[in-house]
Amino acid sequence: MWLGRFVNTARLELRLQSPAEVLAWVESLPAAEQVDVSPEWLKKVKLATEPDPWLCQFQIVRAADGVVLGSCGFSGAPDAAGMVEIAYAIAEEFRGQGYATEAAEGLVMFAKSQLTVSVVRAHTKADNPASGAVLKKAGFVFVGDFVDPEDGEVRRWEKI
């Protein structure tokens, strides 16, 4: 359920971050990981004045104890065809417990509550079968291999 800045699932609370919180997170990353941050996205975050669910990431928080498990979000607002792309990351010590699947389902739930969204997409690397398994469990269907301008060769998954 969408409650302004939160998406609640059975065990998780996806907390929408403010632009300042997102920028602080990026600055806290090791330099080697900052290279992977999209400069175009970062520029948009720097210009934002309010939390935007299509731009700012969500913290994945375990509702029972408030522990931050990772982050997730959208790659941007729905395009002209009504497509949005999701991404998620769970800290290594919390993997294998269904949190990534539940976070993906939460993002889908939020996206599908918006009248402008008709397709939710995700990309995985071929060498990351665990992420593909997450998407399968969340009801996504593998649609093929594609070349992404930023990420190179990826496996594309969609949920209608």
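Cation-pi contact between Arg155 and Phe146: absent, since separation from the ring centre below 6.0 Å together with deviation from the ring axis within 45° is not met.
The OG atom of Ser38 sits 11.5 Å away from the NZ atom of Lys43 when rounded to the nearest 0.5 Å. Note: Cys56 SG to Trp25 CH2 = 11.5 Å, rounded to the nearest 0.5 Å. For the atom pair CG (Asp65) and CZ (Arg11), the distance works out to 11.5 Å, reported to the nearest 0.5 Å. Rounding to the nearest 0.5 Å gives a distance of 8.5 Å between SG of Cys72 and CD of Gln57. Between the OG atom of Ser118 and the CG atom of Asp79 there is a distance of 8.0 Å, given to the nearest 0.5 Å. With values rounded to the nearest 0.5 angstrom, Arg5 atom CZ is found 7.0 Å from Gln17 atom CD.
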Worked verdict on Phe110 versus Phe74 for ring-ring contact (aromatic ring centres under 6.0 Å, His included): CA-CA 11 Å; Phe110 169 78; Phe74 299 95; 5.8 Å; yes
Could you walk me through whether Leu55 and Trp41 pass side-chain contact (heavy atoms from CB on, under 4.5 Å), step by step? CA-CA 8 Å; Leu55 178 64; Trp41 172 77; 3.6 Å; yes
side-chain contact (heavy atoms from CB on, under 4.5 Å) between Leu16 and Phe6, worked out: CA-CA 6 Å; Leu16 180 62; Phe6 305 95; over 6 Å; no
side-chain contact (heavy atoms from CB on, under 4.5 Å), that's the test. Do Val147 and Val154 meet it? Break it down for me. CA-CA 6 Å; Val147 176; Val154 296; over 6 Å; no
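Considering all non-hydrogen atoms of both residues, Asp52 and Trp54 come closest at OD1-N, 2.9 Å. Contact detail for Leu12 and Ala103: the closest heavy-atom pair is CD1-N, 3.8 Å. Minimum interatomic distance between Ala77 and Val84 (heavy atoms only, all atoms of both residues): C-CG1, 4.0 Å. Closest heavy-atom contact between Ala89 and Ile60: O-CD1, 4.0 Å. The nearest pair of heavy atoms linking Glu158 to Arg121 is OE2-NH2, 2.6 Å. The heavy-atom pair separating Ala104 from Ile86 by the smallest distance is CB-CD1, 4.0 Å.
Val108 and Ile160 are members of different hydrophobic clusters when ILVMFWY side chains are connected at heavy-atom separations under 4.5 Å. When the side chains of ILVMFWY residues are joined at heavy-atom separations under 4.5 Å, either directly or via intervening members, Val143 and Trp157 end up in two distinct hydrophobic clusters. Leu107 is connected to Phe94 through a chain of hydrophobic side-chain contacts under 4.5 Å among Ile, Leu, Val, Met, Phe, Trp and Tyr, so both are in one cluster. One hydrophobic cluster, built from ILVMFWY side chains closer than 4.5 Å, cannot hold both Val61 and Met109; they sit in different ones. Tracing side-chain contacts under 4.5 Å through hydrophobic residues (I, L, V, M, F, W, Y), one never reaches Val141 starting from Val120; they form parts of separate clusters.
Donor-acceptor pairing under 3.5 Å is recorded for the side chains of Glu102 and Thr9.
Using a 4.0 Å cut-off between charged side-chain N and carboxylate O, Glu40 and Lys46 make no salt bridge.
Applying the salt bridge (Lys or Arg N to Asp or Glu O under 4.0 Å) test to Arg95 and every residue at least two apart in sequence or in another chain returns nothing. Looking at residues two or more places apart in sequence or on another chain, you find no salt bridge (Lys or Arg N to Asp or Glu O under 4.0 Å) involving Arg156. Under the rule for a side-chain hydrogen bond (donor to acceptor under 3.5 Å, both in side chains), the partners of Glu85 that lie at least two apart in sequence or sit in another chain are His123.
Side chains of Val45 and Leu23 form a contact here, defined as non-hydrogen atoms less than 4.5 Å apart.
Atom CG of Leu47 is surrounded by more than 12 heavy atoms from other residues, nucleotides or ligands within 6.0 Å. In Glu93, the CD atom is crowded: over 12 heavy atoms of neighbouring residues, nucleotides or ligands sit closer than 6.0 Å. For NZ of Lys44, the number of neighbouring non-hydrogen atoms (other residues, nucleotides, ligands) closer than 6.0 Å is 12 at most.
Panel note: side chain Gln114, backbone Ala111; no donor-acceptor pair is recorded below 3.5 Å. Not one N or O on the side chain of Tyr88 forms a donor-acceptor pair closer than 3.5 Å with the backbone of Gly70.
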